[in-house]
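All remarks here apply to the structure that follows.
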Amino acid sequence: MSLDPHVLTDWFADRARDLPWRAPGVSAWGVLVSEIMLQQTPVARVEPSWHEWMARWPTPSALADATPADVLRVWGKLGYPRRALRLRDAAAVIARQHGDVVPSDVDTLLALPGIGAYTARAVAAFAYRKRCPVVDTNVRRVIARAVHGAGDAGPASTTRDLADAEALLPDDDEFAARMSVAMMELGALVCTARSPRCADCPVLDDCAWQRAGKPAYDGPAKPVQKFAGTDRQVRGLLLDVLRDTSIPVAKARLDLVWSKAGQRDRCLDSLLVDGLVEQTSDGLFALPGEH
DNA sequence: AATACGTGGTT
DNA sequence: TAACCAAGTAT
């Protein structure tokens, strides 16, 4: 038998972090904002931004009315700024087509920009207390170890991963929703990637990985994420200049951030294509929507 | 199915 | 210090 929902949810009740988007009374919009911000960005960096964001844009329609420039400035250095634009686009759809209410239906959520398999189900489960499998990197790792006895999760496969998680959920909606957060929290706090704290694990006795003698991960090597010298770094440097000024800047100013002209120009072009940068009528550059 | 997409903390 | 890691999504 593996992963008793009661054991997990009891552990969660006892040990879970006190995160602001989990507080009682937080709106589905608040949950959605947190989920988007948490995509590839650590909790510690999200917390302050989430508070600022919710104070400024407490509803989808409020965000939809903001300029992309303001949205990108408040997003700041959370990373992957296209998320901020997509969240604003999603907010516009929610405001206009869903009566300013974040949808609770997974397929409706999936149709919104920036919302994929994980986020749609996270909103359904955490905001609307539904029984639906929520699979993020933490859950994948917990299941790989506790259920499959592997050292770590292999490459993601949405269909298989969802089925694995679904099989573990209890029937009751609220109970299943609590089990879903509990698995995520276990992966975040105990069953961590580098040095799992197995001594503190509530399901140690049910863990297939433990039983198998904690074999090392033997799947395909995970691709290494380079950053230094990549277009991602250059785009970040470019955007950093524009976030910092309310006045459009000349290209000569942007040219200062990176010495390789070809790469610099390619990155600026891609930012324009992505709608993260706008060129004014007089040929200057700025964040979109305020000139 | 691979790859691009930011940023910063930890080991 | 370089590599790894962090509540993924879109193409």
Side-chain angles (χ1 to χ4, degrees), chain A residues 12 16-17 19-22 30-50 72 75-87 89-90 109-127 133-142 152-162 165 177 180-189 191-196 217 220-243 257-258 263 266-267 269-271 273-277:
Chain A
F12 182 85
R17 291 165 294 178
L19 301 176
W21 43 87
R22 288 180 185 160
V31 173
L32 174 57
V33 170
S34 78
E35 294 302 342
I36 300 291
M37 289 183 169
L38 287 163
Q39 291 169 0
Q40 301 287 279
T41 301
V43 166
R45 282 205 285 147
V46 165
E47 277 206 57
S49 294
W50 184 84
L72 289 168
W75 190 262
K77 307 200 80 167
L78 287 179
Y80 295 140
R82 293 184 300 183
R83 287 183 291 166
L85 260 24
R86 291 187 183 127
L87 179 54
D89 291 342
L109 286 160
L110 282 171
L112 297 171
I115 298 188
Y118 163 75
T119 304
R121 291 174 179 80
V123 169
F126 304 151
V134 179
V135 180
D136 74 331
T137 186
N138 291 304
V139 172
R140 278 168 35 71
R141 188 171 55 248
V142 168
D152 203 348
S157 157
T158 306
T159 311
R160 180 167 40 72
D161 295 342
L162 286 175
S180 293
V181 232
M183 281 196 291
M184 285 180 59
E185 193 76 343
L186 187 72
L189 298 184
C191 195
T192 56
R194 299 272 193 104
S195 313
Y217 172 70
K222 307 189 172 182
V224 282
Q225 272 257 65
K226 290 195 188 311
F227 179 65
T230 63
D231 287 5
R232 282 208 321 294
Q233 180 181 21
V234 179
R235 285 165 56 105
L237 291 170
L238 256 12
L239 231 35
D240 209 25
V241 171
L242 299 179
R243 270 193 302 259
V257 306
W258 199 250
Q263 186 179 21
R266 165 158 45 87
C267 288
D269 282 344
S270 73
L271 288 171
V273 167
D274 287 347
L276 287 162
V277 174

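Side chains are part of it too, since the values below use all heavy atoms of this structure and drop only hydrogens, waters and symmetry mates. Throughout, protein chains are lettered first and strands after them, A, B, ... in sequence-line order, and every chain is numbered starting at 1.
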Rounding to an integer number of angstrom, what distance separates [N] and [M] when you compare their [atom1] atoms?
| N | M | atom1 | answer |
| --- | --- | --- | --- |
| B/dT10 | C/dA7 | P | 14 Å |
| B/dG8 | C/dT9 | P | 23 Å |
| C/dT1 | C/dC5 | C1' | 16 Å |
| B/dT3 | C/dC4 | P | 16 Å |
| C/dA2 | B/dC5 | P | 22 Å |

Next on the checklist: Restricting to non-hydrogen atoms, name the atom on A/P48 and the atom on A/A44 that form the minimum distance, rounded to 0.1 Å.
Outcome noted: CD-O, 3.5 Å
Checklist entry - In Å, rounded to the nearest 0.5 Å, how long is the span from CD of A/Q40 to CG of A/L78? => result 13.0 Å
Checklist entry - Less than 4.0 Å between a side-chain N and a carboxylate O, is that true for A/D240 and A/R243? => result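 Yes, charged N to carboxylate O under 4.0 Å.
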Checklist entry - Does the distance from a Lys or Arg side-chain N to an Asp or Glu carboxylate O, for A/E47 and A/R17, drop under 4.0 Å? => result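 Salt bridge: no.
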Under 4.0 Å, counting only non-hydrogen atoms across every strand here, what does [X] touch: a base, just sugar-phosphate, or nothing?
| X | value |
| --- | --- |
| A/T137 | sugar-phosphate |
| A/W21 | base |
| A/P113 | sugar-phosphate |
| A/T119 | sugar-phosphate |
| A/R86 | sugar-phosphate |
| A/A122 | nothing |
| A/A117 | sugar-phosphate |
| A/R17 | base |

Checklist entry - Which one of A/R82, A/R235, A/R266 satisfies the side-chain contact (heavy atoms from CB on, under 4.5 Å) criterion with A/L271? => result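 One option only clears the test, and that one is A/R235.
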Next on the checklist: Would you say A/Q39 and A/Y118 are linked by a side-chain donor-acceptor pair, where the criterion is simply a distance under 3.5 Å?
Outcome noted: no
Item to check | Exercise: do A/R83 and A/T41 side chains pair donor with acceptor under 3.5 Å | outcome: yes
Checklist entry - Side chains of A/I36 and A/I115: does their closest heavy-atom pair fall under 4.5 Å? => result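 Sidechains of A/I115 and A/I36: in contact.
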Item to check | Check: A/L32 and A/T119 side chains under 4.5 Å, non-hydrogen atoms | outcome: yes
Polar atom pairs (N or O), protein with nucleotides 4-8 of chain B, under 3.5 Å:
residue : atom : partner : partner atom : Å
B/dC5   : O4'  : A/R82   : NH2          : 3.1
B/dC5   : N4   : A/Q225  : NE2          : 3.4
B/dG6   : OP2  : A/R235  : NE           : 2.4
B/dG6   : OP2  : A/R235  : NH2          : 3.2
B/dG6   : O4'  : A/Y80   : N            : 2.8
B/dG6   : N7   : A/Y80   : OH           : 3.1
B/dG6   : N7   : A/R232  : NE           : 3.3
B/dG6   : O6   : A/Y80   : OH           : 3.1
B/dG6   : N1   : A/Q40   : O            : 3.2
B/dG6   : N2   : A/Q40   : O            : 3.1
B/dG6   : N2   : A/T41   : OG1          : 2.9
B/dG6   : N2   : A/L78   : O            : 3.1
B/dT7   : OP1  : A/R243  : NH2          : 3.1
B/dT7   : O2   : A/R45   : NH2          : 2.5

Checklist entry - From the 5' end of DNA chain C to its 3' end, which nucleotides mark the outer limits of contact with chain A, defined by a 4.0 Å heavy-atom distance cut-off (strictly under)? => result C/dC4 to C/dA10
Next on the checklist: The test is side-chain contact (heavy atoms from CB on, under 4.5 Å); show your working for A/S180 and A/M184 and say whether it passes.
Outcome noted: CA-CA 6 Å; A/S180 293; A/M184 285 180 59; 6.0 Å; no
Checklist entry - Which sits closer to the 5' end of DNA chain C, A/R194 or A/F126, going by the nucleotide each is nearest to? => result A/R194
Item to check | First of A/R141 and A/G114 reached from the 5' end of DNA chain C, by closest nucleotide | outcome: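 Closer to the 5' end of DNA chain C: A/R141.
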